[in-house]
Number of protein chains: 2
Amino acid sequence: MTLAARPDAASTAARDDGRVPTPDSAALRAHTAIRAAILDGSHRPGEMLSENELAQRLGMSRTPVRSALTRLQDEGWITIYPKRGALVRRLSDREIAELADARLILEAMGVQRASTEVRRALADRLEPQLNAQREALLARDLDGFVTLTIAFHRSFVEAAGNAVLAEIADRLTDRQRLLLSAHRETLFERVEETIAEHRALVERLRADDPAGFAEALRGHLMDTHGPELGPV
Amino acid sequence: MTLAARPDAASTAARDDGRVPTPDSAALRAHTAIRAAILDGSHRPGEMLSENELAQRLGMSRTPVRSALTRLQDEGWITIYPKRGALVRRLSDREIAELADARLILEAMGVQRASTEVRRALADRLEPQLNAQREALLARDLDGFVTLTIAFHRSFVEAAGNAVLAEIADRLTDRQRLLLSAHRETLFERVEETIAEHRALVERLRADDPAGFAEALRGHLMDTHGPELGPV
DNA sequence: CATCGCACGCTTGGATACAAGTTGTATCCT
DNA sequence: AGGATACAACTTGTATCCAAGCGTGCGATG
């Protein structure tokens, strides 16, 4: 399958054939807006979301809001209690650890499945990105770093050439975003350690050492950031 | 996290405290009904689903049907083309292979992550189920066998004790169900082979040999059923 | 005869109206 | 005073209504 475009990725822009696509539906706008509000802390875990309130604030009716909420539930952001409301989920320590562990598995397996050539090529491609990562961290540009590190880690999964896996990993990463924002200070305090760990991962790629890569990745997760954050 | 109950798993039944829970919403009924209709072949890949028609047939309005359709899209069953309709997806050969491969990874990793004790206990638990699997196949009881084999394979993922992973695997399995129905004849022709392969998996568990398990699982996928079906 | 344009009918997307369920509160009885 | 009960306000769930987009087919036109 071709990697399904994330629904929110759709945006209103002229296509190459000149035709203007259908504008983003209100349901999509609601989805992105609510998700963003959860991510930036406007809606905190434990908070109850009201369809009416959201609809009013977003300038639309309850219908698209409802649609967005059910999707957010499927994606693990909220829990809908019938006839009572939607609760912003709080990730338990266990779930946080499991999310990180699951992504670890997918990334390690992606590298293991790749061929030697792919691993080498990946190392060549990723190595120059390390500096940009450091710059972003030093500039305390959280969004910039998050974008970079997500792409960095995604490369490992992609190496397996399995789009289904890649999409699963994307969803996991998406849910972990919340944690990155929450631990921004920790992140900015460990710039060199983080970059060094990333560099070690690239080195294991270049050395064509998948087992060592998996080990380094586990260390990147467990030793440095603790189970409450996961690999960045 | 506790393993999130699949939405369809909810059903109207008296709870132990005697209270009658909220009856299943129309949206849930629509979701299960349409999904079942796709699974049993009533709606074939390439077919266009009409909200009006579905609503009429299910005896409800278009609103819950729409809700169900968007969810089915998120789960990979259909593709919704804005303002045009919902198309039942056809799994490409590549996607089928990727689904099987992804599940393979999760199951092999689940067993690898488990402790020796868990592997042994799992072998003890699964071994007696093999006969029931054979009986179901011999009786040409597809539903019965599918239930058994899904539980069988699920056990491997569960062994890792990671609920997030287990849920991901469930979703993959769900999408693969369609293939099991499509290949029922092949399935019934290879009864002893299938059981023997399952038995081999149990043996690798008992021998505390995760690597051999992974190898056997790969064979279960590639050699016997070919990439178009995946491990059963 | 081929092609372009346009209008019509069908579809979905969203808004509004209405029904039904849940929770909290006030009231009444013991 | 404590507890059960009735009620009221608010919530979500569903139906209906309206608007807008897309495809189709007919007809005019070159």
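- Separating the CD1 atom of B/Ile80 from the C1' atom of C/dT11 is a distance of 13 Å, rounded to the nearest angstrom.
- Picking from D/dT12, D/dT14, C/dT16 the nucleotide with the shortest atom distance to the side chain of A/Glu51 gives D/dT12.
- Taking atom CG on B/Leu28 and atom C1' on D/dT14, their separation rounds to 14 Å, with Å as the unit.
- When atom types are taken as modelled, the side chain of A/Arg62 and the backbone of A/Glu51 share no donor-acceptor pair closer than 3.5 angstrom.
- Among the protein residues, A/Ser67 comes within range of no part of the nucleic acid, since none of its heavy atoms lies under 4.0 Å from any strand.
- Within the 4.0 angstrom heavy-atom criterion, only backbone atoms of the sugar-phosphate kind lie near A/Ala27; the bases stay farther away.
- Nearest nucleotide to the A/Lys83 side chain, out of D/dT12, D/dC17, D/dG21: D/dT12.
- Here A/Thr79 contributes atom OG1 and A/Arg84 contributes atom CZ; the two are 11.0 Å apart, rounded to the nearest 0.5 Å.
- The nucleotide whose nearest atom lies closest to any side-chain atom of B/Asn52 is, among D/dT14, C/dT11, C/dG14, C/dT11.
- Atom CZ of B/Arg66 is separated from atom P of D/dT14 by 14 Å (rounded to the nearest Å).
- Taking only side-chain nitrogens and oxygens, A/Arg84 never comes nearer than 4.0 Å to OP1 or OP2 of C/dG21.
- In this structure, A/Gln56 atom CD and C/dA15 atom P are separated by 13 Å, rounded to whole Å.
- Rounded to an integer number of Å, the gap from A/Arg29 CZ to C/dG14 C1' is 10 Å.
- Going from atom CD of A/Glu53 over to atom C1' of D/dT12 covers 15 Å, rounded to whole Å.
- Put simply, CZ on A/Arg62 is 16 Å from P on D/dT16, counting in whole angstrom units.
- Residue B/Leu69 is the one, among B/Leu69 and A/Thr63, whose nearest nucleotide of DNA chain C lies closer to the 5' end (criterion: closest heavy atom).
- The separation between B/Tyr81 atom OH and C/dT12 atom P is 14 Å, rounded to whole Å.
- Shown here is B/Gln56, whose CD atom has no more than 12 heavy atoms of other residues, nucleotides or ligands within 6.0 Å.
- Once rounded to the nearest 0.5 Å, the distance linking CG of A/Leu104 with NE2 of A/His220 reads 10.0 Å.
- Taken to the nearest 0.5 Å, the CD atom of B/Glu75 stands 3.5 Å off from the NE2 atom of B/His31.
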